[in-house]
2 protein chains.
Amino acid sequence: MAATAPRPGNVFDRNCPSRPVLEHATSRWGVLVLGALLGGTRRFTELRREVDGVSEKMLSSTLQSLERDGMVEREVLPVIPPHVNYRLTDLGRRMARHVRRLYQLVEETLPDVLAAQDAYDRRRR
Amino acid sequence: MAATAPRPGNVFDRNCPSRPVLEHATSRWGVLVLGALLGGTRRFTELRREVDGVSEKMLSSTLQSLERDGMVEREVLPVIPPHVNYRLTDLGRRMARHVRRLYQLVEETLPDVLAAQDAYDRRRR
DNA sequence: CGGTATCCCACGGGATACTG
DNA sequence: CAGTATCCCGTGGGATACCG
């Protein structure tokens, strides 16, 4: 027992497998996709419109990560043209609710944040 | 009023100034720094040890972003050798508590997540 | 409609060296 | 101790084109 990791099982340990999972959910687009899916089942194109600015490529890879981590369920309807639904799993919904509180707090306190940024920038000039 | 942004003031709008703020707090190292500071005031080197794997450069720039956004306060003691304390502001503490719930949920549900990943990977082979 | 494939760039991020 | 400076690389991410 010489070379074990310092604090295993803990996200503060560099080798903890929680880290990539957390990073998927808190990624630039992961946060917004989880938030959008709190509104209910969505199709690919609906998400694309709702999450303003996301490219097809990033939406696709974000959804794949979240699906792989068990946060999102993907349902393919065998029709033409294709119809694919995305929805949160129970775990995904729990994560998404925490994520929503995060960006809601940012939205609510934005004036304070902008004031802090302004003060910081003036201090530095 | 022809070319106004679609949903201003809302993080789902690509021009919302909330986005970069949210991204700082949910960044790879931002999450862990906020979490560590929930334990109380920390010095630079203490954070470096506690947030396993962070480089000096990234810790420095993460702290600068969080300070600029009004989440973290920096206190420089005029002594030799230098002594610098970092602590959460009230806003930072509110953010950090939400962030902590996020990674605590990931840690708690990690077995389920790993199982989901395994099932996903087997489905794809 | 719901993606993949390709190309490409900016930047997050790591390693190392240096400084007040 | 608490950083900054420099160099460098991998990849997150955008644009465009194409496909079942």
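Side-chain atoms are counted along with the backbone in the values below, which use heavy atoms only and exclude waters and symmetry mates. A, B, ... follow the sequence lines: proteins, then strands. Residue 1 opens every chain.
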Let me know, please, whether A:Pro81 or A:Ser61 comes out on the 5' side of the other along DNA chain C by nearest nucleotide. A:Pro81
Between the opening five pairs and the closing five pairs of the helix from C:dC1-D:dG20 to C:dG20-D:dC1, how far apart are the helix axes, to 10°? 50°
Pairwise 5' ranking along DNA chain D for A:Val54 and B:Arg43, keeping only the more 5' one: B:Arg43
With a 3.5 Å distance limit and no angle check, can you tell me whether A:Glu46 reaches the backbone of A:Arg43 through a side-chain donor-acceptor pair? yes
Any donor-acceptor pair under 3.5 Å from B:Glu107 side chain to A:Ser18 backbone: no
Yes or no on side-chain contact (heavy atoms from CB on, under 4.5 Å) for B:Tyr103 and B:Val31, after CA distance, side-chain angles and deciding distance? CA-CA 9 Å; B:Tyr103 64 68; B:Val31 169; 3.9 Å; yes
Under 4.0 Å from OP1 or OP2 of [N]: is there any side-chain N or O of [X] that close?
X	N	value
B:Tyr86	D:dG3	yes
A:Gln64	C:dG3	no
A:Arg74	C:dG3	yes

Of the listed nucleotides [options], the one nearest the side chain of [X]:
X	options	value
A:Trp29	C:dG2, D:dG14, C:dG14	D:dG14
B:Thr45	C:dG3, D:dC1, D:dG3	D:dC1
B:Val84	C:dC1, C:dT4, D:dG3	D:dG3
A:Ser60	C:dG2, D:dG3, C:dT4	C:dT4
B:Lys57	D:dC1, C:dA15, D:dA15	C:dA15

For [X], which contact category applies under a 4.0 Å heavy-atom criterion: base, sugar-phosphate, or nothing?
X	answer
A:Glu46	nothing
B:Glu23	nothing
A:Arg48	nothing

Length of the line joining [X]:[atom1] and [N]:[atom2], which is rounded to integer Å:
X	N	atom1	atom2	value
A:Arg28	D:dG14	CZ	C1'	9 Å
A:His24	D:dG12	NE2	C1'	12 Å
B:Arg42	D:dC1	CZ	P	16 Å
B:Ile80	D:dA2	CD1	C1'	13 Å
B:His83	D:dG3	NE2	P	11 Å
A:Met58	D:dT11	CE	C1'	10 Å
B:Leu77	D:dC1	CG	C1'	12 Å
A:Glu56	D:dG14	CD	P	12 Å

Any chain of hydrophobic side-chain contacts (each under 4.5 Å) joining A:Tyr120 to B:Met71? no
Charged N to carboxylate O below 4.0 Å: is that the case for B:Arg122 and B:Asp118? yes
Show, in sequence, the C-alpha distance, side-chain angles and deciding distance for A:Leu105 and B:Met95, and conclude whether the side-chain contact (heavy atoms from CB on, under 4.5 Å) test is met. CA-CA 7 Å; A:Leu105 178 58; B:Met95 281 293 285; 3.6 Å; yes
Could you tell me if the side chain of A:Arg19 sits less than 4.5 Å from the side chain of A:Leu22, heavy atoms only? no
Quick one, A:Leu37 with A:Arg93, criterion side-chain contact (heavy atoms from CB on, under 4.5 Å). Give me CA distance, side-chain angles, the key distance, then yes/no. CA-CA 8 Å; A:Leu37 289 176; A:Arg93 188 165 297 105; over 6 Å; no
